[in-house]
Amino acid sequence: MKITIAPSQDKRKIADYLVLPFIEDKKAPKALFAISKFSKIVKGPIETKDFQGKKSQMSVVYGSKERRIILLGLGKADKIDEFHISEIYSEVVAFLKKKKAKTVNIIVPEKLNISKEDLLKGIAEALFLTNYGFDKFKHFSKKESATYLKEATLIGAEKKDMALINKGKIIASGVNLTRDLVNNNADDETPQNLAKIAKTFEKISKDVKVVVFDKKKIAQEKMGFLLAVNKGSDKDPVFIMIHYHGDRSSNDHSVIVGKGITYDTGGLSLKPPTAMDTMKSDMSGGAAVLGAMYTIANLRLKVNVTALVPATENSIGPASYKPGDVYIGMAGKSVEVKNTDAEGRLILADALSYASLKIKPNRIIDLASLTGACVVALGEDVAGLFSNSEKLAKDLEAASRRTGDHLWRLPLYKPYKDHLKSDIADLKNIGNAREAGTITAALFLQEFVEKVDWAHIDIAGPAFLSKPKGLHPTHATGIGVRLLTYFFENLSIK
Ligand code: BES
Ligand code: MG
Ligand code: ZN
């Protein structure tokens, strides 16, 4: 889809639909555009009160230029922020897709209490994110792509606004890259393929350098946990590192880590079939980190960031790592593996050790589809946030509020560390059955974070939806990409 602009109503080309924005007001909905040419046409729905301008309300009337005109409600003026805007326009796109519209004219609302920047970026993101689909495997059944929008024109946007629209496009492309990686077959998105995609990021800018450790180098670095989890797989593990050096005048440096389990069978502690059939999504943290590096580098943000993605399948076979055995990771700590299905925290432990011992950054943020318990606690809309730093938590929560990537903070409640005590090793990899499984997973990770601001985000719920919803037309949402982009954008202007 392309987004084009038209400076005024008269300069527009005729499209399949025209969208007119209104806010809800005491007596009657208020038009947020020059209404004179439309006053006749909108009279009926407004006078009958069929259209009240409530949030996401749409009434279709019939006109002479665009034959179909949508009166769109934005709700009450004081409730409107960038996030609301993208939610509302996402519903418009979903409606247009259903109607098989190919082109749409959208009059950009005026007189709203948010900046034009937020407004246009919100609309552009909604357009690009909702117009996404994943139908490459629909061979005989109807392809959805036949119903995608081809062109949207923002009426009232000027040439100089194109930069904002392009920014929205870059961010949405990052999200859609992540969605593709997660939606694709696990047999295609192997550790090797993730590494190959990371490599292509060097083409974005000379500030990007990609290094991939193979199995031999992983062994040299003593990443015993990553090797252990990999034992049952027919594919080698990789440890992907993407360096982005966007601010040469600063020593500030962040590390982002993403769980890259390209398929999680559970290993010998095998998952039941109904828990396994979504586990191609278990690299969604790694995919989010890749998507975020794509946007950060393309937006040329003034920050220094290294992304780490430890990647392997957690498979089952004669060589699989074994419940009851003890393995030693990069930091030298030993872990009694009581359950091979708690594999994410193991490979993350090696990545966090690598970050704290070798890279020594100012902050570390990890994203992982880590625990089913987090889905029980927070559902599919919200990811769990843990942090040892009030500031980092606050900044991530601020980024979260500006996007649809919702976070809710959970406690690193120290007394539960007891749950991770082992009789024979430094730690065991699971806590007590049914008790605070998300917290004990986070506490396990914390054991591998050395004196650095750190945040852990458990995206097990929102990464892969049980059914498409709102801005997310497919199961994979790309959660984390917008969050990290806004977080680093904010860091770059400090
Ligand atoms: N990848 C799963 C967590 C998961 C569950 C992600 C549901 C997305 C949706 C993780 O590796 C796992 O299996 N965790 C176990 C941990 C347990 C054995 C302590 C779980 O949550 O059951
Ligand atoms: Mg598992
Ligand atoms: Zn897993």
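Counting starts at 1 for both ligands and their atoms, following the listed order.
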Who gets closest to atom 1 (N) of ligand 1 by heavy atom: D282, V229, T278?
-> D282

Check each of D341, N314, T340 against atom 12 (C) of ligand 1 and report the one with the nearest heavy atom.
-> D341

Do NZ/NE/NH1/NH2 and the carboxylate oxygens of [X] and [Y] come within less than 4.0 Å?
X: D381; Y: K469; result: yes
X: E189; Y: K196; result: no
X: D118; Y: R402; result: yes
X: R345; Y: E343; result: no

Between [X] and ligand 1, does any nitrogen or oxygen pair lie at a separation below 3.5 Å?
X: T371; result: no
X: N339; result: no
X: M279; result: no

Report yes if the distance between the aromatic ring centroids of Y244 and H253 is under 6.0 Å, otherwise no.
-> no

Among non-hydrogen protein atoms, atom 2 (C) of ligand 1 lies closest to D264 OD2, 3.6 Å

among protein heavy atoms, the one nearest atom 10 (C) of ligand 1 is L370 O, 3.3 Å

N251 atom CG: more than 12 heavy-atom contacts under 6.0 Å = no

Determine, using heavy atoms of R345 and all atoms of ligand 1, whether some pair is separated by less than 4.0 Å.
-> yes

Specify whether the nearest protein heavy atom to atom 21 (O) of ligand 1 is under 4.0 angstrom away.
-> yes

The atom of E343 among N, O or S that is nearest the Mg ion (ligand 2) is OE1

Can you name the N/O/S atom of D264 that is nearest the Mg ion (ligand 2)?
-> OD2

In the shown structure, where waters are left out, how many protein N, O or S atoms lie under 2.8 Å from the Zn ion (ligand 3)?
-> 4

Contacts of K360 meeting salt bridge (Lys or Arg N to Asp or Glu O under 4.0 Å) (sequence neighbours excluded), chain-then-number -> none

Quick one: do the S400 and D405 side chains pair a donor with an acceptor below 3.5 Å?
-> no

Verify the distance criterion only: is there a donor paired with an acceptor across the side chains of T265 and S315 at less than 3.5 Å?
-> no

Result for side chain to side chain contact (heavy atoms under 4.5 Å, CB included) between T312 and one of V238, I261, T262 points to I261

[X]: numbered ligand 1 atoms lying under 4.0 Å from its heavy atoms:
X: E343; result: 11 (O)
X: K259; result: 1 (N), 10 (C), 11 (O)
X: I430; result: 19 (C)

Decide whether a cation-pi geometry holds between K217 and F239; the criteria are a distance under 6.0 Å from NZ or CZ to the six-membered ring centre and an angle within 45° of the ring axis.
-> no

Taking all heavy atoms of L471 and all of A126, pick out the closest pair and write down the distance.
-> CD2-CA, 3.9 Å

Could you tell me whether the side chain of K358 reaches within less than 4.5 Å of the side chain of E221, counting heavy atoms only?
-> yes

